[in-house]
Protein chains: 2
Amino acid sequence: MTRHAQDNAGDRPVSDATLRDLAGYNIRRASNAVQADLVRTLAPFELRMITYSALVLIVDNPGLRQTQLAEALAIERSNLVVVIDDLERRELIGRNPMPTDRRAYALTATLAGTRLCRKATRAVRAHEARILSLLSEEERQVLASTLRRIEQAANDEG
Amino acid sequence: MTRHAQDNAGDRPVSDATLRDLAGYNIRRASNAVQADLVRTLAPFELRMITYSALVLIVDNPGLRQTQLAEALAIERSNLVVVIDDLERRELIGRNPMPTDRRAYALTATLAGTRLCRKATRAVRAHEARILSLLSEEERQVLASTLRRIEQAANDEG
DNA sequence: TATTGTTATACTCTATAACTATA
DNA sequence: TATAGTTATAGAGTATAACAATA
């Protein structure tokens, strides 16, 4: 393919200096890349990120109600329903009636759910370890700390 | 509302220690919060994050082709079309024929587009400044640097 | 009246395949 | 044969409103 002088920006590297100054832009790009990678990591377990996260929290907090779980995951109650439906249909968790409040369910993991959770967590951690191996221990701590504060501040802006 | 002893996890704080160890989880939460905040910031300009980002790159790189722009934004060519359609319909940018390649368009911002870009950038920066004021200069640099490396590594895992 | 889980719905973001016109 | 832009479509993710059962 021949090139001509008047191609102007055609072959020069694209400058994204303005956007790279914005935390929101960098976070979106990193988040998209990491989420796509997590989809691949969790696919063998037939789990999505949100399904996996819900399972972990149920394993770690037996007896959780759905509203509590939705809040902990920072998603809407209504969007959690299909997630719980999926985990229950596969008999990884159970919706147990609460004697003290007949509106609510106490969520508990089955043995199969606990086992799958452990296996998936090992896979996710191994996968993350390869990515995070590029970062020093201090950088990892700064990353976790700054992300948490940014989330908090962004929510407070609302 | 009365409480009973058998409420089990009902009132205890939900432990998300397992998930908080995962970079992917923290990044997703921060990204969601920041994107939601950006939506609110850009709404007065009738811009979404992707529309704003595209406009910035066109202003900074006049003559850009759509494929180059999509690659720079890390989105699919096909998803960029409606974004460019929107910006063109509002006469913020123009699709100019390229004499050297009649398949492609050279994208350029109009005066109105350049002005809107400047105004929106000021608003976004002011908004980010409030959030980033919680971070030291060193933390901001570590954040930007680590996010970029994580994006790169996650893409390479694919 | 308020809350829990649920349904329905809509809008955004992303990914893929296939088409057209050019190269 | 390959590339630029386009169209259509499907799957996630997210948000809101409204409902029945229960508190």
Side-chain angles (χ1 to χ4, degrees), chain A residues 1-4 7 10 24 27-29 31-40 42-43 46-54 64-71 73-86 88 95-107 155 158, chain B residues 1-4 7 10 24-25 27-29 31-40 42-43 46-54 63-71 73-86 88 95-107 155 158:
Chain A
M1 188 193 286
T2 52
R3 281 290 170 188
H4 303 72
D7 271 20
I27 291 175
R28 176 183 73 81
R29 292 182 62 121
S31 179
N32 287 353
V34 168
Q35 296 312 309
D37 192 38
L38 272 170
V39 166
R40 291 188 290 268
L42 290 170
E46 295 183 87
L47 292 169
R48 290 173 298 134
M49 183 61 191
I50 195 63
T51 321
Y52 166 70
S53 304
L64 213 56
R65 285 180 290 107
Q66 288 183 204
T67 299
Q68 287 180 297
L69 179 54
E71 192 179 358
L73 290 169
I75 68 172
E76 295 297 318
R77 265 186 345 220
S78 57
N79 293 323
L80 181 61
V81 176
V82 289
V83 172
I84 299 298
D85 283 349
D86 180 43
E88 187 185 36
R95 281 176 162 110
N96 308 109
M98 296 185 79
T100 56
D101 187 342
R102 293 194 302 173
R103 294 171 305 182
Y105 293 123
L107 303 173
N155 283 329
Chain B
M1 188 193 286
T2 52
R3 281 291 171 188
H4 303 72
D7 271 21
Y25 182 72
I27 291 175
R28 176 183 74 80
R29 292 182 63 119
S31 179
N32 287 352
V34 168
Q35 297 312 311
D37 192 37
L38 273 170
V39 166
R40 290 187 290 267
L42 290 170
E46 294 184 87
L47 293 168
R48 289 172 300 134
M49 183 61 191
I50 195 63
T51 321
Y52 166 70
S53 303
L64 212 57
R65 283 180 292 108
Q66 288 185 203
T67 299
Q68 288 180 295
L69 178 54
E71 193 178 357
L73 290 169
I75 68 172
E76 295 298 318
R77 265 183 343 208
S78 57
N79 292 324
L80 181 61
V81 176
V82 289
V83 172
I84 300 298
D85 283 349
D86 181 43
E88 187 185 34
R95 280 175 162 110
N96 308 110
M98 296 188 77
T100 55
D101 188 341
R102 293 193 302 173
R103 295 170 304 182
Y105 293 123
L107 302 173
N155 283 329

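Letters A, B, ... mirror the listed sequences (proteins, then strands); counts begin at 1. If you're wondering where the values come from, they're calculated on a predicted model, not measured in any experiment.
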Give the nucleotide from the list [options] with an atom nearest to the side chain of [X].
X: B/R65; options: D/dG5, D/dT3, D/dT6; result: D/dG5
X: B/R102; options: C/dA23, D/dT6, C/dT6; result: C/dA23
X: B/R77; options: C/dT4, C/dT6, D/dG5; result: D/dG5

Tell me the interatomic distance from [X], atom [atom1], to [N], atom [atom2], rounded to whole angstroms.
X: A/L69; N: C/dT6; atom1: CG; atom2: P; answer: 12 Å
X: B/N96; N: D/dA4; atom1: CG; atom2: C1'; answer: 16 Å
X: A/L73; N: D/dG13; atom1: CG; atom2: C1'; answer: 13 Å
X: A/D86; N: D/dG11; atom1: CG; atom2: C1'; answer: 15 Å
X: B/Q66; N: C/dT22; atom1: CD; atom2: P; answer: 15 Å
X: B/D101; N: D/dA2; atom1: CG; atom2: P; answer: 17 Å
X: B/R95; N: D/dA4; atom1: CZ; atom2: P; answer: 15 Å
X: A/E71; N: C/dG5; atom1: CD; atom2: C1'; answer: 15 Å

query: Taking the nucleotide of DNA chain D with the closest heavy atom to each, which residue, B/T67 or B/A36, is nearer the 5' end?
result: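 This one resolves to B/T67.
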- prompt: Taking A/Q35 for the side chain and B/G24 for the main chain, is one N or O donor matched with an acceptor at less than 3.5 Å?
  reply: yes
If every non-hydrogen atom of [X] is compared with every non-hydrogen atom of [Y], which pair is closest and at what distance?
X: B/T51; Y: B/D86; result: CG2-OD2, 3.8 Å
X: B/A106; Y: B/M98; result: N-CG, 3.5 Å
X: B/L73; Y: A/R29; result: C-NH1, 3.8 Å
X: A/V81; Y: A/Q66; result: CG2-NE2, 4.3 Å

- prompt: If we fit an axis to the first five pairs and another to the last five of the helix from C/dT1-D/dA23 to C/dA23-D/dT1, what angle do they make, to the nearest 10°?
  reply: 10°
- request: Report the distance from atom CD1 of A/I27 to atom CG of A/N32, rounding to the nearest 0.5 Å.
  value: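 Interatomic distance, A/I27 CD1 to A/N32 CG, rounded to 0.5 Å: 12.0 Å.
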- request: Measure the spacing between CD1 of A/I75 and CD1 of A/I50 and express it to the nearest 0.5 Å.
  value: 4.0 Å
message: Go nucleotide by nucleotide along DNA chain C from the 5' end; which of A/D85 and A/A104 gets its closest nucleotide reached first?
response: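 The 5'-side residue here is A/A104.
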Side chain to side chain contact (heavy atoms under 4.5 Å, CB included) between B/R65 and B/L107, intermediate numbers included: CA-CA 6 Å; B/R65 283 180 292 108; B/L107 302 173; over 6 Å; no
Could you pull out the protein-nucleic contacts involving nucleotides 12-14 of chain C (nitrogen or oxygen on both sides, under 3.5 Å)?
{"from": "C/dC13", "atom 1": "OP2", "to": "B/R48", "atom 2": "NH1", "distance (Å)": "2.0"}
{"from": "C/dT14", "atom 1": "OP1", "to": "A/N32", "atom 2": "ND2", "distance (Å)": "2.5"}

query: Under 4.0 angstrom, heavy atoms only, what part of the nucleic acid is A/S78 near: base, sugar-phosphate, or nothing?
result: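 If one applies the 4.0 Å heavy-atom cut-off, A/S78 turns out to touch a base.
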- request: Check side chain to side chain contact (heavy atoms under 4.5 Å, CB included) between B/V39 and all other residues, then give those that pass, not counting sequence neighbours.
  value: none
